[in-house]
Amino acid sequence: MSALTQKPSFYITTPIYYPSDNLHIGHAYSTVASDSMARYKRLTGYDVWFLTGSDEHGQKIERAAQANSQTPKEYVDKIVDGFKRLWERLDVSYDDFIRTTDERHRIVVQKIFQQLYEQGDIYKAEYEGWYCTPCETFFTEYQLAEGKCPDCQRDVEKVREESYFFRQSNYADRWMKFIEENPDFIQPTSRRNEMISFVKQGLEDLCVSRTTFDWGIKVPFDPKHVVYVWVDALTNYISALGYGQGNDSLYKKFWPADIHLVGKDIVRFHTIIWPIMLMALNLPLPKKVIGHGWWMLDSGKMSKSKGNVVDPHVLADKYGVDAVRYFLLRELPLGADGIYSEEALVKRVNMDLANDYGNLLSRSATMMEKYQGGVLQSPGAPEGPDAELIDLAVSAPAKVEEYMSKCDLANALATIWQVVGRANKYLEETAPWSLAKGEQHERLNTVLYNVAEVIRFTTIMASPFMPNLPGRVWPQLGIADKSELQSWEACAGPACQLGPL
RNA sequence: CGCGGGAUAGAGCAGUUGGUAGCUCGUCGGGCUCAUAACCCGAAGUCGGGGGUUCAAGUCCCCCUCCCGCAACCA
């Protein structure tokens, strides 16, 4: 019986960001998109767990801290506080924030590393690379720029370093089989093809420890080694759920993850290394990894070193959180890069939010007030364009669901705005201002009722993307205290009709 | 000859199994007045170039040009 009342679970994660500097709108996009998915799933009846966090180890952090005469921990603490402030500012409803410096995380990483070593998936060997002494950095042969350091263009020397390696190559066949049997595992398909061809070229074993820096999790059986990024960072998705710890009820409930949402730059790690790690550990694989595109500037890629990053705090202050969220989610096409400009943001926000949606609300509210004293009357029989408007509104939730199931937020929003657009057109067609002059009260009631319902529908559907919208709209529709009219079921139930106000 | 994806109105994109080219923004023209000079309607494209198959090709085949991803230890 309890199974009947139990909600299905949904686990979604963002990447864990690297606190070498503050975050820009690219990171904000990943997180806000995940948040909208999480909110959408909560709205539609799922028991959701939404994880974000920070990946805090590594040489870069160690050096940055040194340069600031701080300990690495002091250094990252401050930046991670900034992360959390940004997510609060952007109304990101995460359920947990994992830091790779958390004790709960350290325990799991060491346990996994130990297990992989004991079962022979990790072995000691020598890592060979090119070292640039002035830059104190290792490079692979491929990274070199014509045999020189890609950063400073000086000569590099070949160095060997004792390292532990993960036997990735042993799992290539299993991986290929898994990918063939789960064609939707990697989204979009273009990324899937890239990963397949990458593995077909042959997988090399992966270097999973370092001795050249200390800021990291110690290899349990050989403490002069530090666990290198892969095993450390990727493990966050299960360590945060309590895997391998005393209380693993969250792990049992939410793993495997439904969606790992990541940027295209880290798709490979999430679709090859991570699944193979899980295979080696004999754990279930996540259901889907989605690699989204990047926000580009006219001047090219957004990067900290170019100093051309766009600060989300500034945008939120200037335009409002909902507007910034809407722009990011509406404007970046699924799987492709988008070009950011403040001009584009202003245009989109003015067009869609102010002119289309806002103006629809404004003109409707005015007419309801002016012609009906603010009390909406029951509708009469539908006629003229009523059916078309109602059909579009009533069928929208299913279309939104369809797009959301593919994580296509931009088209989900476009679907909602189609309804908004149709409603504005409907007002021109029915001209309630003329109906009022002509004393056609029943028809007037019907028209205003239909428009009010469309606003209610679209507001519910848009609420995961713009969490502050309902709070501003429900009072204007006079249903601020009628929660039964604000739920997803109130616009997407099986026998969905435009219900009474 | 590494693998893969693109080239469609000024811009950004849709175009299922081949049969009178669609969307958003911009531009130009018109309408309305409830609303935020808003909203609604209408106009403009020989689908990168060349050849072929077909009654018919943006949609299939061949060649060319140009863009863009991926090509491992940088999160």
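Per chain, numbering begins at 1; letters A, B, ... match sequence-line order.
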Just checking [X]: base, sugar-phosphate only, or nothing, at a heavy-atom cut-off of under 4.0 Å?
X: A:Lys264; answer: nothing
X: A:Asp55; answer: sugar-phosphate
X: A:Asn350; answer: nothing
X: A:Asn355; answer: base
X: A:Arg210; answer: sugar-phosphate
X: A:Gly202; answer: base
X: A:Met351; answer: sugar-phosphate
X: A:Lys200; answer: nothing
X: A:Leu360; answer: nothing
X: A:Thr366; answer: sugar-phosphate
X: A:Asp352; answer: nothing
X: A:Tyr17; answer: nothing

Nearest to the side chain of [X], which nucleotide is it out of [options]?
X: A:Ser362; options: B:C73, B:U36, B:A71; answer: B:U36
X: A:Gln201; options: B:A71, B:C34, B:U24; answer: B:A71
X: A:Lys370; options: B:C74, B:C34, B:A72; answer: B:C34
X: A:Ala354; options: B:U36, B:A71, B:C73; answer: B:U36
X: A:Glu194; options: B:C70, B:C34, B:A75; answer: B:C70

query = Is it true that the side chains of A:Thr101 and A:Glu56 contain a donor and an acceptor less than 3.5 Å apart?
reply =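 Yes, A:Glu56 and A:Thr101 have a side-chain donor paired with an acceptor closer than 3.5 Å.
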Assigned partner base of [N], Watson-Crick or wobble definition, under 3.5 Å:
N: B:G42; answer: B:C28
N: B:G18; answer: none
N: B:A7; answer: B:U65
N: B:U53; answer: none
N: B:C70; answer: B:G2

Thinking salt bridges, do [X] and [Y] make one under a 4.0 Å N-O criterion?
X: A:Asp222; Y: A:Lys124; answer: yes
X: A:Arg268; Y: A:Glu194; answer: no
X: A:Glu428; Y: A:Lys425; answer: no

Distance between [atom1] atoms of [N] and [M] (Å, rounded):
N: B:G12; M: B:C55; atom1: P; result: 38 Å
N: B:A9; M: B:C25; atom1: C1'; result: 12 Å
N: B:A75; M: B:C13; atom1: C1'; result: 32 Å
N: B:G29; M: B:G48; atom1: P; result: 31 Å
N: B:U8; M: B:C47; atom1: P; result: 11 Å
N: B:G4; M: B:C61; atom1: P; result: 15 Å
N: B:C40; M: B:G26; atom1: P; result: 12 Å
N: B:C74; M: B:G22; atom1: C1'; result: 43 Å

Less than 4.0 angstrom between a side-chain N/O of [X] and OP1 or OP2 of [N], yes or no?
X: A:Arg330; N: B:U24; answer: no
X: A:Tyr18; N: B:C74; answer: no
X: A:Lys425; N: B:C41; answer: yes
X: A:Asn193; N: B:C70; answer: no

Tell me: [atom1] of [X] to [atom2] of [N], nearest whole Å?
X: A:His225; N: B:C73; atom1: NE2; atom2: P; result: 19 Å
X: A:Asp408; N: B:C13; atom1: CG; atom2: C1'; result: 13 Å
X: A:Lys347; N: B:G26; atom1: NZ; atom2: P; result: 6 Å
X: A:Glu429; N: B:C34; atom1: CD; atom2: C1'; result: 15 Å
X: A:Asp356; N: B:C40; atom1: CG; atom2: P; result: 7 Å
X: A:Asn411; N: B:G15; atom1: CG; atom2: P; result: 10 Å
X: A:Asn450; N: B:C34; atom1: CG; atom2: P; result: 21 Å
X: A:Ile273; N: B:C74; atom1: CD1; atom2: C1'; result: 12 Å

ask   = So A:Phe269 and A:Trp230, would you call those rings parallel, tilted or perpendicular, with 30° and 60° as cut-offs?
value =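 Plane angle between 30° and 60°, so tilted.
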request  = Take the angle between the ring planes of A:Trp417 and A:Tyr357 and call it parallel below 30°, perpendicular above 60°, tilted in between.
outcome  =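 Ring orientation of A:Trp417 relative to A:Tyr357: tilted.
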message = Closest-nucleotide mapping onto RNA chain B: is A:Lys437 or A:Ser197 further toward the 5' terminus? I mean the 5' end.
response =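 Result of the comparison: A:Ser197.
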5'-most by nearest nucleotide on RNA chain B - A:Ile16 or A:Trp433 =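 That would be A:Trp433.
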key: Test log, rule side chain to side chain donor-acceptor pair (under 3.5 Å), inputs A:Asp352 and A:Tyr326   = CA-CA 9 Å; A:Asp352 294 2; A:Tyr326 179 83; 2.6 Å; yes
message = Tell me if a side-chain donor or acceptor on A:His27 pairs with a main-chain N or O of A:His24 at a distance below 3.5 Å.
response =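 Here the side-chain-to-backbone pair exists.
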request  = Working to the nearest 0.5 Å, report the span between CD1 of A:Ile290 and SG of A:Cys407.
outcome  =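 Nearest 0.5 Å value for the CD1-SG distance: 3.5 Å.
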